[in-house]
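No hydrogens, no waters, no symmetry mates; every other heavy atom, side chains included, goes into these values. Residue numbers start at 1 and run along the sequence shown.
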Amino acid sequence: MFKRLLMTLTTLMLCTLPALASASQTFAVLPFAIHGPSEYQYLGQGIQSMLTTRLTWPENFIPLDSASIAKAVTTLPTDATQASSLRASLGVDYLVWGMLTVMGQECSLDINVVDPQGNNQPRPTQTTLSQVIPSLETAATAINAQVFGRFEQASPTQPQKVIQPMNEAMIVNESQAGVAYANPSLKYQDTDTSLGRWRSQTFPFASRGMVVCDGDGDGQNEVFLLTENTLMAYRVVDRQLQKITELQLPRNRNYLRLNAADLNRNGRNELVIAAAVDKDPSSLVVEFDGNNFSIKTDHVPYFLGILNMPPAYMPTLVGQGVGRVKYLTSKIHHMVKQDGKYVLGPSVSVPLGGNVFNITFMPHENDYQIIMIDDYDHLRVYSSDGGLLSTTEETYAGSNLGIDFHTAALGLKAPDAGKAPQERVFIPLRGIPSDLDKDGRYELIISRNISVASQFFSRYRDYPQGEIHSLYWDGVGMSLQWKTARIKGTVVDYALIDLDNDGVLDLVVNINTHTGMAGTTKKKTMLVAYPLDQNQE
């Protein structure tokens with residue numbers, strides 16, 4: 001009897017020991033104190049979010065959620081004693097806290113870890129603003145190894161997984177886990193025209209915009225190109241663009257943006273064209289029946305656009321008038337059709353400076369972010385409540401389409417044409433949210449036209465080459481996921497859609513040829529398509 005009891009106790013102990021050995025521990029990462037200009041305050045929560053993600057070790061080290069931290073912590077610690085006391089009050093095993101000091105482009109990043117015994121392990125790092133994220137990655141790796149005892153080594157019998165891009169002409173960001181397909185630092189490398197992409201014939205005119213959609217409701221996509229005064233329809237036949245028809249648009253208008261959406265919910269996409277006469281909006285809506293165009297609504301006194309509005313992210317027709325103080329600062333509204341005319345409906349809440357051309361709503365976790373392209377072509381990332389999260393150093397979505405106008409102080413009449421210099425507002429290219437790798441995290445597909453001269457002359461917008469980038473939110477800012485190899489010419493527009501109706505999603509890019517150093521060469525246009533194999537692993 002005693003022997004049987006002893007064996008039972010021994011068995012219970014053996015079963016219990018692994019559970020005790022693998023008991024999980026908890027940690028909390030506090031928002032970091034930011035000492036520097038106010039525009040960098042968003043980094044406090046960004047660093048908190050990034051470190052929490054990097055330090056989480058399922059079933060071993062579990063983070064305390066940020067909402068509980070925000071509710072319990074009213075004052076950030078300034079020394080190890082305060083941090084140790086705060087760790088105990090939060091009921092976690094480890095507490096990560098620190099500060100970022102910004103002086104110009106130089107930064108001092110101080111990360112501290114308080115352990116269960118109350119010991120503090122400081123990790124000071126000198127870095128630059130552009131290297132904050134790599135420095136955080138390095139610090140997180142060190143904390144995982146030295147504090148949490150987490151060592152990740154590749155098994156000698158299992159080689160590392162090689163990241164394969166969805167198209168061999170894409171350059172993958174080397175910071176992703178695994179072995180990258182190519183090094184993104186090779187920023188100026190070119191690619192063979194046959195390498196992973198299709199190119200259309202060249203057309204003897206310059207494009208102002210492109211959409212690819214099903215215009216006639218037959219289940220097949222058509223290509224629509226907007227020029228200075230013409231709208232054209234094409235189909236892909238035998239790997240060539242075959243012209244269907246064209247529409248001569250009303251003269252003396254400045255055509256700025258071509259969009260498409262099924263406004264009537266009848267399975268056919270209407271073509272929405274934002275345009276202006278001088279500085280006054282005068283937009284129109286066009287239908288396509290498979291053979292011909294017809295203008296259904298004209299002289300709409302607003303700039304019309306299509307925004308994928310949360311929470312359903314359905315394409316929605318919006319409009320905007322001219323601002324009183326600044327040209328494009330009036331409110332954006334839903335457009336409602338009444339008695340055959342489009343009128344302003346409810347307003348859309350966007351950050352100051354947002355307009356129908358420069359705003360993109362991007363799903364983010366269970367919420368969304370607002371991506372705005374500012375007057376200097378920098379991306380600004382806002383939270384859903386309008387708080388500024390980040391601004392990129394690089395420029396994106398630059399175009400040479402714009403509107404000339406005369407400014408006037410509030411309450412004063414604008415000067416007559418010819419009596420005062422005009423200002424010009426440029427219309428940026430679109431941003432496209434996507435989840436191509438189906439990992440639940442959305443990325444932003446956006447262009448980056450490249451010109452050395454445009455860096456010195458703000459009105460110089462003739463770009464000799466460009467790229468398409470896929471950017472993702474890393475918790476602190478927008479980072480590169482992949483990009484196309486350098487494209488010779490100016491990127492005019494782009495789309496993510498099945499171009500040739502073969503069942504494969506394509507990244508379609510509309511480009512205009514460069515005018516040459518002297519600017520005397522006539523512009524021509526063409527399409528380049530990158531088939532995206534979403535089933536590739």
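- Residues S24 and N60 fail the side-chain proximity criterion, which asks for heavy atoms closer than 4.5 Å.
- For the residue pair S108 / D110, a side-chain donor-acceptor distance below 3.5 Å is found, with atom types taken as modelled.
- Sparse packing is recorded around CD of Q45, with 12 or fewer heavy atoms of other residues, nucleotides or ligands lying under 6.0 Å away.
- The main-chain N or O of V212 is never found under 3.5 Å from a side-chain atom of N221 such that the two would form a donor-acceptor pair.
- Between the side chain of T392 and the backbone N or O of E394 there is at least one donor-acceptor pair closer than 3.5 Å.
- Side-chain contact check for W97 versus L86: every heavy-atom pair is 4.5 Å or farther apart.
- Contact of the P63 side chain with the L55 side chain is not registered, since no non-hydrogen atoms from C-beta on lie closer than 4.5 Å.
- When every heavy atom of E443 is checked against every heavy atom of S470, the shortest pair comes out as CB-OG, 3.5 Å.
- For H469 (side chain) and K483 (main-chain N/O), no donor-acceptor pair under 3.5 Å exists by modelled atom type.
- Within the 4.5 Å cutoff, no side-chain heavy atoms of M362 are placed close to those of V381.
- Ring-centre distance between F61 and F27: not below the 6.0 Å cut-off.
- Residues P433 and P363 are in side-chain contact: their nearest non-hydrogen atoms beyond the backbone lie under 4.5 Å apart.
- For the pair T127 (side chain) and C107 (backbone), a donor-acceptor distance under 3.5 Å is absent.
- Between D435 and G440, the shortest heavy-atom distance links the atoms OD2-N, 3.1 Å.
- No side-chain heavy atom of V348 sits less than 4.5 Å from a side-chain heavy atom of T316.
- In this structure, the side chains of L429 and Y396 stay at 4.5 Å or more apart for every pair of heavy atoms.
- Stacking of R257 on the aromatic ring of F357 is not recorded, the 6.0 Å distance cut-off and the 45° axial limit not both being met.
- Under the side chain to side chain donor-acceptor pair (under 3.5 Å) criterion, D506 pairs with no residue, sequence neighbours left out.
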Carefully, step by step, assess N144 and R54 under the rule side chain to side chain donor-acceptor pair (under 3.5 Å).
CA-CA 9 Å; N144 273 320; R54 269 54 172 186; over 6 Å; no
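- Between M50 and V476, the shortest heavy-atom contact is SD-CG2, 3.9 Å.
- Scanning both residues, D474 and S479, for their nearest heavy atoms gives OD2-OG, 2.6 Å.
- Using a 4.5 Å heavy-atom threshold, the side chains of T484 and V528 count as separate.
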